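The structure appears below as C-alpha cells.
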Amino acid sequence: SSTSNTFKKHFAEMAEDISKEFNLDEKSLAVDIGSNDGILLKGFQKSKVQVIGVEPAANVAKIAEENGVETINSFFNEDAAKEIAARKGHADVVTAANVFAHVNDIYGFTENVKFLLKKDGIFVIEVQYFIDTVQKMTFDNIYHEHLSYFTLTSLTHFFKRHGMEIFDARIVDSHGGSLRAFVKKNEGKHKTGKNVDKILKHEKEIGVDNPELYRRFARKVYGVREKLKSFVENIKKQGMSIAGYGAPAKSTTLLNFCGIGSDFIDYIVDDSPLKIGLYTPGTHIPVVGPDFIGKKRPDYILILAWNFAEEILAKTKKYSSQ
C-alpha cells in the first residue's frame, strides 16, 4: 500500500483523526487487521500509540516488520485474537480498512474483534460503499476478494446481531467512495451521532431496499462496456497505440468483462515492484515499471487505477507535453 502517495496520505489522516477523537496515547493499543505493510499503524505510532498488525501475506508482513511495525503473520482468527490479548492486552481500537468485505466468516471475525476490544473500545471498518458503486458506476470494484458489498443499512442490521452498534459513520473518498463505520459494544460509552441517521435516511430515499435500483445499475454497466470497447477499437483502427496505467484487482474485472486484452493494450505500467514483470490475469498484458513509458511511448494511456488518477496524471504529464 505504501507505494501510493494517495494511500499514505489517506491512512496517515485516518490514524491522526482516530487518535485525536478518541484521546489515544502511549497507554492505548491499536490493532489493524489486514495491516499490509503497516501503512495505517505507522500513523498511530506518530501519536505514540502502541500498535500490532495482523497480516496473512508473509512477504508484506516482513516489510512491515522491517519498517518497525510489529506484525503477526496470520489470518485474523480466534488464535490471533487471543495471542494479541496475551501479549498486549485488550485493544482500545481495532481497525479493518478494505478488509471486512474480504472475509468469508464475518460472524466469527466480528466475535473475535468483540473479544479483543476493551469494554469501551471501538471497531473501525472502512469498506467500499455500495451506494457509491451504483451511483458512480465503479462496477470494476466487484471482484473475487470482495465477498460482501455493504450499505450502512445492511451493516446496522449485521452488528445488532452481535450486540454491537454503529455510533458514527462517514463517507470518504478512497476507492471511489468508501464507508467508514465506528462500532462499539452495546455497553460502550460512545453516543450515537447524527451522521448515522442522516446516511440511513439517504439510503432509504434512493431505494436501497428496492430491487429496481440494482436492475438499473446492471443495465448501465453493460452500456459502459459497449462504450469503452468501441472507444478502444476506434483508437486501434487509426493505427495508434494504448498503454494502461495501474494493475489493481479492479483492472482485471474491467479488462476481462470488456474483452480488452493484449491485442488492444500493449502494456500496463504499475508502481509496485511486486507486480512488475508479471501479466494481467486472463488478458495476459505485461506489467512494466513506470520508466517504460519513456522507452515505448503510447498515443493513449488508459487509467485503470482511477482512484489514483490525480497522482497518475501528475506523473505522466511530461509525456503529453513532448
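Just the heavy atoms: all of them, side chains too, but no hydrogens, waters or symmetry mates, feed the values below. The structure displayed is predicted, hence computed values, not measured ones.
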| query | Should the pair Y149 and H146 be assigned to parallel (<30°), tilted (30 to 60°) or perpendicular (>60°) ring geometry? | reply |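 Ring orientation of Y149 relative to H146: perpendicular.
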| query | Parallel, tilted or perpendicular: which fits the ring planes of F109 and F123, with parallel below 30° and perpendicular above 60°? | reply |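 Taking F123 first and then F109, their aromatic rings sit tilted (interplane angle of 30° to 60°).
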Pair [X]-[Y], side-chain donor/acceptor within less than 3.5 Å:
| X | Y | result |
| --- | --- | --- |
| K250 | N307 | yes |
| T153 | T156 | no |
| T133 | N141 | no |
| S28 | Q50 | no |

So, are [X] and [Y] salt-bridged, with charged N and O less than 4.0 Å apart?
| X | Y | result |
| --- | --- | --- |
| D271 | K315 | yes |
| R87 | E70 | yes |
| R219 | E212 | yes |
| K114 | E187 | no |
| D25 | K48 | no |
| D120 | K184 | no |
| K20 | E16 | yes |

| task | Look at atom CG of N234 and say whether more than 12 heavy atoms of other residues, nucleotides or ligands are closer to it than 6.0 Å. | result |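 More than 12 heavy atoms, drawn from other residues, nucleotides or ligands, come within 6.0 Å of this atom.
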| request: Kindly indicate whether a cation-pi arrangement holds for R225 with F257, taking the cut-offs as under 6.0 Å to the six-membered ring centre and within 45° of the axis. | output: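 Geometry flag: set, cation within 6.0 Å and 45°.
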Sidechain-backbone polar pair: [X] side chain, [Y] backbone, donor-acceptor under 3.5 Å:
| X | Y | result |
| --- | --- | --- |
| H190 | F167 | no |
| D270 | G246 | no |
| D299 | I235 | no |
| N210 | L213 | no |
| T316 | I312 | yes |
| K185 | I122 | no |
| Y267 | K296 | yes |

| said: If you apply the rule ring pair (Phe, Tyr, Trp, His ring centres under 6.0 Å), what do you find for F158 with Y107, and how did you get there? | reply: CA-CA 9 Å; F158 173 80; Y107 296 93; 5.5 Å; yes
| query | Where do F100 and E126 land on the side-chain contact (heavy atoms from CB on, under 4.5 Å) test, with the steps shown first? | reply | CA-CA 8 Å; F100 200 59; E126 196 165 283; over 6 Å; no
| message | Hydrophobic cluster membership, with links at side-chain heavy-atom distances under 4.5 Å among I/L/V/M/F/W/Y: are V69 and I39 in one? | response |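 Yes, one cluster joins them.
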| Could you walk me through whether E55 and I33 pass the side-chain contact (heavy atoms from CB on, under 4.5 Å) check? | CA-CA 7 Å; E55 171 54 51; I33 302 170; over 6 Å; no
| task | State which residue, out of I199, V172, T138, fulfils the side chain to side chain contact (heavy atoms under 4.5 Å, CB included) condition with Y129. | result |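 Of the listed options, the one satisfying the test is I199.
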| query | Would the F308 and Y245 ring centres measure less than 6.0 Å apart? | reply |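 No.
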